Amino acid sequence: MVEFGFDYFLVWNKKFYGKIEIRLNCKGFVMNEQTAMLPLSARGLCRNYADTTVVHEIDLQLRKNEVLGLLGPNGAGKSTIIRMLTGNLAPSKGSVKICGIDLTEQPRIAKTHLGYLPEVPPLYQELTVNELLRFVAQLHRMDKQALQSALDYVKEQCGLSDRGSQLIGTLSKGFQQRVGIAQAIIHRPKVIVLDEPTVGLDPNQTREVRQLIDGLATTSSVVFSTHILSEVENICDRVNIIHQGRLVYDEYLTTLKDEGKSLETIFMALTGIGN
Amino acid sequence: MIVTIALKELRVLFFSPMAWILLAVMHLILTWVFLGRLDVFLELQPQLLQIANPPGITEVIIMPVFAMAAIALLVITPILTMRSLAEERRNHTLTLLISAPITLTDIVLGKFLSLMVFLMLVIGLLVVLSLSLLIGGSLDLGLLLSNVTGIFFLITCYIALGLYISSLSAQPVVAAIGALGILLGFWVLDLVVDNNSWLLKFSLLKHFEQFNHGLIDTFSIAYFMLFVLLFLVLTIRRLDNERIGM
């Protein structure tokens, strides 16, 4: 049985675009052709805490080799959304698919395609950089030969080559953040989710992280959250603005540039006082 | 995956001085008790020879040492289990495990296994200590085996309970005190409840007493296993609820 449906997305600049969605339904197995190809897609994501709704009906799509910025003021619900995208928090409603695999139904398979750096890098202070990265790679079921080369590669990528045998607890904040990124990408995931990756870094380190994210987009798709406008302008292909738990804006940055609009004006208009 | 997690746990455990201190203190206490009993045995030996069916060195020395070990482990296990989940939560490292393609069961069993391995070291030392008596006499190896079996099951219970309490809190110390309180409660149960009460069926140490006297009772084994299963399942449920919950 083939089912056709229409789905509309209202974009802030009043442009309306329709998306045709084809659903193949055979013997109860529903395959969504459109989302199957997307590295990461979320549909109707809601999250309630007790009586308050923190996230309202978020639809989010990350396309291949794209860098998507989740932009929003502090407390907009970015971290909650990110935690739901990575399976750390179950959505109250809605679903998340990673490479077409449902995160709730098949969490183990879905998570193999996922690399995640939370707001606080999840590092065991008692382990050395090598030990931690090795442990993460083993959790992702990398075999021994692949592991060593992946370890060397990721250390070089993140500028950790000469820190391998140092205890994580003795590293500076900037290096700990690098280890945090390294643990998220060592298994070469298709989807990389970073929660405020540049917070607390000095300008040089911030630039390095940006370059790193740029490089990652050649092989993976990246979504990261931030509240810094320049960061979005510098590295993102597309921006999603979140305000009070709602997705209020979704646009390609090239389109923005073509139309001569500034991201700052839009951000202020959407999230400023009175909105 | 379970083994990977267990190895990491052991690495972290042995990185801290706590593991070594615990091993040393445990061994010190047990050796002290052991030597004390050996002294008693040597004093009693002439009198024992006059009895028709005298208790041997296993009864006089090894049984009390294992009984003491059961109490000492009751106090020490919460100190070991307190960090396993509470500290992961406090240091935000639980996210790393939850985002990895493994199940919560893997995480909990990995931690359980690592603590088992560690406490088996304590038991291993105890067994070596007991076997050292073979130099000067003969041992009732059956009784020794029954004691080892008993204490093995007993520590699985301690660890399972400790893990569960650790999963409830983000403060390791709170987890330690909680687990210690409950385990002490089980001990006090023996002391305050009268001998025929049904409550004694729930006492961990009463079940261990059977093994201590050389009786391997399947009912006790079943109780221990159910106890472990219950708390491991509760731990997994608790971690899962955190994802779903408020």
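Bear in mind that the values here come from a model prediction, so they are computed numbers and not experimental data. To find a chain, count down the sequence lines: A is the first, B the second, and so on, and within it residues start at 1.
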**Q** Check Thr93(B) against Leu123(A) and note the closest heavy-atom contact, atom names and distance.
**A** CG2-O, 3.3 Å
**Q** For Lys173(A), is the NZ atom crowded, meaning more than 12 foreign heavy atoms sit under 6.0 Å from it?
**A** yes
**Q** Give, for atom CG of Leu127(A) and atom CZ of Phe15(B), the distance between the pair rounded to the nearest 0.5 Å.
**A** 8.5 Å
**Q** Nearest 0.5 Å, please: how far is CG in Leu94(B) from CG in Asn88(A)?
**A** 8.5 Å
**Q** Need one label for Gln125(A): side chain, backbone, both or neither, based on atoms under 4.5 Å from any heavy atom in chain B.
**A** neither
**Q** Contact part of Ile109(A) toward chain B, heavy-atom cut-off under 4.5 Å: side chain, backbone, both or neither?
**A** neither
**Q** Is it the backbone or the side chain of Pro118(A) that comes under 4.5 Å from a heavy atom of chain B, or both, or neither?
**A** side chain
**Q** Working to the nearest 0.5 Å, report the span between CD1 of Ile98(B) and OG1 of Thr86(A).
**A** 9.5 Å
**Q** Taking side chain as everything from C-beta outward and backbone as N, CA, C, O, which of these in Val136(A) sits under 4.5 Å from a heavy atom of chain B? Side chain, backbone, both or neither.
**A** side chain
**Q** Walk me through whether Glu126(A) and Arg83(B) qualify under salt bridge (charged side-chain N to carboxylate O under 4.0 Å, His left out).
**A** CA-CA 13 Å; Glu126(A) 304 93 334; Arg83(B) 10 183 5 202; 3.5 Å; yes
**Q** Where on Leu89(A) is there a heavy atom nearer than 4.5 Å to chain B: the side chain, the backbone, both, or neither?
**A** both
**Q** Of all heavy-atom pairs between Ile5(B) and Phe135(A), which one has the smallest distance, and what is that distance?
**A** CA-CE1, 4.1 Å
**Q** Can you list every side chain to side chain donor-acceptor pair (under 3.5 Å) pair that touches residues 7-23 of chain B, not counting sequence neighbours?
**A** Tyr124(A)-Lys8(B), Lys8(B)-Glu88(B), Glu9(B)-Lys111(B)
**Q** Can you tell me how far the CG atom of Leu139(A) sits from the CG atom of Asp106(B), to the nearest 0.5 Å?
**A** 9.0 Å
**Q** Do other residues, nucleotides or ligands put more than 12 heavy atoms under 6.0 Å from Phe202(B) CZ?
**A** no
**Q** Restricting to non-hydrogen atoms, name the atom on Arg108(A) and the atom on Thr103(B) that form the minimum distance, rounded to 0.1 Å.
**A** CD-CG2, 3.8 Å
**Q** Check this for me: Arg141(A), atom CZ, are more than 12 non-hydrogen atoms of other residues, nucleotides or ligands nearer than 6.0 Å?
**A** yes
**Q** Measure the spacing between OG of Ser99(B) and CG of Leu117(A) and express it to the nearest 0.5 Å.
**A** 10.0 Å
**Q** Would you name the heavy atoms of His92(B) and Pro122(A) that are closest together and state the gap between them?
**A** O-CB, 3.3 Å
**Q** Quick one: closest heavy-atom pair of Thr4(B) and Gln138(A), and the distance?
**A** CG2-OE1, 3.3 Å
